Engineer: 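Below is the structure I would like to discuss, written out as structure tokens.
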Amino acid sequence: MWDDGRLFHGGDYNPEQWPAATWREDVALMRRARVNLVTVGVFAWSRLEPAPGRYDFGWLDEVLDLLHDGGIRVALATPTASPPPWFSLAHPDALPVTADGVRLHHGSRDTYCAAAPSYRAAARGIAATLAARYAHHPALAMWHVHNEYGTTCHCPHTEAAFRHWLIDRHGDLDTLNAAWATSFWSQHYTDWAYVSTPRATQYLGNPGHLLDFRRFWSDTLLAAYVEQRDLLKAANPALPVTTNYVLGDWVPVDHARWAREVDLVAIDHYPSVVDGGAEEQTALAADLARGWARHGRTRAGTPRGPAGPTRADPPATWLLMESAASQIHTTGRAHTKEPGRMARHSLSHVARGSRGAMFFQWRAPAGGAERFHSALVPHTGADSRVFRESVRLGETLDRLAEITDGETTASVALAWDAASGWALRQPGMPSALLDGHAELAAAHRALWRAGYGCDVVVPGDPLDRYRLLVLPALYLADDATAGWVHDHVEAGGHLLVSYLSGVADQHARVHLGGYPGAYRDLLGLRVEEFHPLAADEQVLLSGGGTGRIWSETVHLRGAEPVGTYVGGVLDGRPAVTRHRVGTGTTWYLSTRPDDGTYRRLVTEAARTAGADPVCPAAPPGVEAVRRAAPGTSWLFLLNHTDRPQRVPADGLDLLTGVPADREVTLPAGGAAVLREHPR
Ligand code: GLA
């Protein structure tokens with residue numbers, strides 16, 4: 001059984017970088033830190049197959065046996081994210097080509113084309129060989145396919161595959177021409193052979209072409225994953241198979257769609273900012289992962305219960321596969337995490353459904369590109385603050401096994417789909433500042449700061465458990481997405497929509513007749529003109545707030561203004577509106593409000609909708625997340641401040657074993673996990 005009921009603690013383990021004597025010390029230290037899962041072999045292809053068809057499994061046999069003897073389970077990786085030097089030399093056609101037509105060379109990692117038949121065959125070959133040898137090794141808990149799928153390519157193999165994909169999607173050239181609006185700039189295609197990948201070109205590319213290429217590449221990478229998964233499953237159907245998602249708008253992967261093909265959604269998460277934004281990014285990444293996990297399960301046909309947890313509705317479980325033990329990497333600088341921060345980040349993930357807290361990497365290497373990346377065992381060795389904190393985290397995770405029964409609670413849903421994010425970043429948009437991830441993050445941050453639990457949902461997902469649905473610049477809306485939003489409102493749900501949501505269809509063609517074409521009736525308004533703002537510009541809002549990035553000429557068609565623009569060309573015109581529809585209320589934000597204003601607005605929208613914050617009495621700087629199961633619940637309280645904090649709450653603190661009677665005191669930078677009701 002892969003799942004022994006405990007939370008996982010561990011990370012990427014690269015024994016191929018160390019002498020055998022270190023392996024024994026590793027296992028002893030892992031036991032001290034209660035490490036119970038390690039990813040092995042993720043970049044070991046050149047050590048497993050040093051020459052074509054010549055394998056060296058001796059070291060891996062020994063390592064797996066040592067880990068098994070030490071009670072440590074293994075996510076055995078297929079090493080296909082970094083083919084060995086001999087492969088690239090033998091198959092130069094499998095080296096990736098950039099949009100500029102430059103063929104890249106061996107020397108880093110991820111230097112392959114996922115559409116190249118030779119690469120795919122080699123990847124299947126090493127996966128099948130590993131499966132034949134290890135599928136029944138008792139150390140294995142799961143397979144970890146590849147690493148962070150995302151690399152793109154524009155080589156002739158890719159081009160041929162793209163054409164096939166387009167034929168499947170559009171059927172005939174008339175349909176493709178209409179979808180891509182190719183009458184513009186003389187792009188009308190009369191033969192499939194004329195269609196290439198969107199390579200570097202003279203000026204703005206075609207939006208439909210760019211968007212379809214992203215979708216195609218997501219599907220191509222998925223096919224590469226699926227063929228490995230099927231080989232691994234064939235060798236042992238009982239072992240789960242996963243792959244670790246990398247997040248970011250550069251990633252050409254539709255993670256929600258992939259969620260149907262993995263047994264366990266797994267993400268890597270590295271905050272990119274140092275201040276409180278790191279905690280906000282952590283919460284958002286975890287909420288995204290849980291959303292993908294639930295989406296995958298719903299589509300797979302697992303029965304859902306009515307709103308609220310029931311036994312028939314198991315928690316949406318996923319796994320934080322990688323995070324940083326001690327550093328936050330910002331642009332150009334590594335920031336050492338303060339004591340306690342690594343544990344709080346881990347608990348934030350666990351509170352939001354992660355099956356544990358895993359790290360990149362177990363031991364910091366002396367050489368190699370990532371020699372200064374943090375590790376559970378840093379360069380200093382085990383006599384270090386970071387290792388001592390990882391030992392404490394292992395103890396903490398061990399005490400929390402029971403919380404895996406609970407589903408993270410949320411009364412607000414944020415809708416997100418990858419294609420909308422891709423489309424907003426396309427050239428030729430009215431502003432180069434548009435960024436779907438940033439819009440999602442701004443809405444999530446507002447809700448996070450206001451203390452609301454949120455789920456990130458994919459258009460089409462069930463919405464019956466949410467009082468409020470938020471569309472943060474959800475740019476694309478086909479008929480199905482528009483219908484899904486309308487159904488939510490017609491069923492009495494509340495809705496908050498931010499600018500540019502529902503402006504274009506699935507091919508990035510603008511819905512005509514006034515923006516936002518898909519939702520103007522629901523919102524009771526019509527937007528006539530855009531007034532994008534310069535990077536250093538802001539608009540003043542009545543009530544004292546400000547707006548950035550965007551502003552618009554909004555005409556009311558039933559909605560009432562909640563806030564207006566002050567000064568400038570839009571002086572006195574609606575900036576934020578509200579509209580009653582049936583028993584629900586719809587809200588519209590025509591600009592990106594400053595964080596304080598955004599927080600006030602989402603609080604008002606949530607209150608109107610009847611949604612409650614997780615722990616209304618939590619003081620500023622204390623994050624509260626609840627997991628609930630029938631008859632019981634667990635309240636996670638994370639103190640992100642450098643002072644002790646008192647929180648009114650009842651329950652047994654699983655971290656200390658001490659009952660809280662109407663109040664719990666959190667140490668500076670510390671946490672509590674309260675079992676709120678007897679089990
Ligand atoms: C990713 C990769 C790891 C490592 C880390 C560094 O998550 O999967 O191999 O490069 O980034 O942060």
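Every value quoted in this text rests on a predicted model; they were computed, and no experiment measured them. Whatever order the structure lists ligands and atoms in, that order sets their numbers, starting from 1.
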Engineer: If you apply the rule side-chain hydrogen bond (donor to acceptor under 3.5 Å, both in side chains), what do you find for Glu623 with His640, and how did you get there?
Structural biologist: CA-CA 7 Å; Glu623 176 177 3; His640 298 305; 2.7 Å; yes
Engineer: Where's the contact between His329 and ligand 1, heavy-atom distance under 4.0 Å: side chain, backbone, both or neither?
Structural biologist: neither
Engineer: Between Gln327 and Phe372, what is the shortest heavy-atom contact and its length?
Structural biologist: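 For Gln327 versus Phe372, the nearest heavy atoms are OE1-O, 3.3 Å.
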Engineer: Considering only protein heavy atoms, which is closest to atom 10 (O) of ligand 1, and at what distance to one decimal place?
Structural biologist: Glu370 OE2, 2.6 Å
Engineer: Check Gln281 against Pro271 and note the closest heavy-atom contact, atom names and distance.
Structural biologist: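 Closest heavy-atom pair between Gln281 and Pro271: OE1-CA, 3.0 Å.
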Engineer: Please work out whether any backbone atom (N, CA, C, O) or any side-chain heavy atom from C-beta onward of Arg109 is under 4.0 Å from ligand 1, and answer side chain, backbone, both or neither.
Structural biologist: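 Near ligand 1, Arg109 shows its side chain, while the N, CA, C and O stay back.
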Engineer: So if I count the atoms of ligand 1 from 1 in the order they appear, which ones are less than 4.0 Å from some heavy atom of Glu148?
Structural biologist: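 Selected atoms, number and element: 1 (C), 2 (C), 7 (O), 8 (O).
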Engineer: Any atoms of ligand 1 less than 4.0 Å from a non-hydrogen atom of Asp268? List them with their elements.
Structural biologist: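 Per the distance check, 7 (O), 8 (O).
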Engineer: Which pair of non-hydrogen atoms, one from Arg341 and one from Ala278, has the smallest distance, and what is that distance?
Structural biologist: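 Taking Arg341 first and Ala278 second, the nearest heavy atoms are NH2-CB, 3.6 Å.
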Engineer: Which heavy-atom pair separates Val273 from Thr330 by the least distance, and what is that distance?
Structural biologist: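 Looking at all heavy atoms of both residues, the closest pair is CA-CG2, 4.2 Å.
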Engineer: Cationic tip of Arg355 within the cone over Trp318's six-membered ring, i.e. under 6.0 Å and within 45° of the normal?
Structural biologist: no
Engineer: Suppose we measure from atom 2 (C) of ligand 1 to each protein heavy atom; which comes out shortest, and what is that distance?
Structural biologist: Glu322 OE1, 3.3 Å
Engineer: When you compare ligand 1 with Asp12, is there at least one nitrogen or oxygen pair between them that comes in under 3.5 angstrom?
Structural biologist: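 No, Asp12 has no N/O under 3.5 Å of an N/O on ligand 1.
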Engineer: I'd like to check which ligand 1 atoms, numbered from 1 as shown, lie under 4.0 Å from a non-hydrogen atom of Asn147.
Structural biologist: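 Counting atoms of ligand 1 from 1, those under 4.0 Å from Asn147 are 2 (C), 8 (O), 9 (O).
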Engineer: Does the separation of the ring centres of Tyr112 and His146 fall below 6.0 angstrom?
Structural biologist: yes
Engineer: Measure the distance from atom 6 (C) of ligand 1 to every protein heavy atom, then report the residue, atom name and distance (to 0.1 Å) of the closest one.
Structural biologist: His373 NE2, 3.1 Å
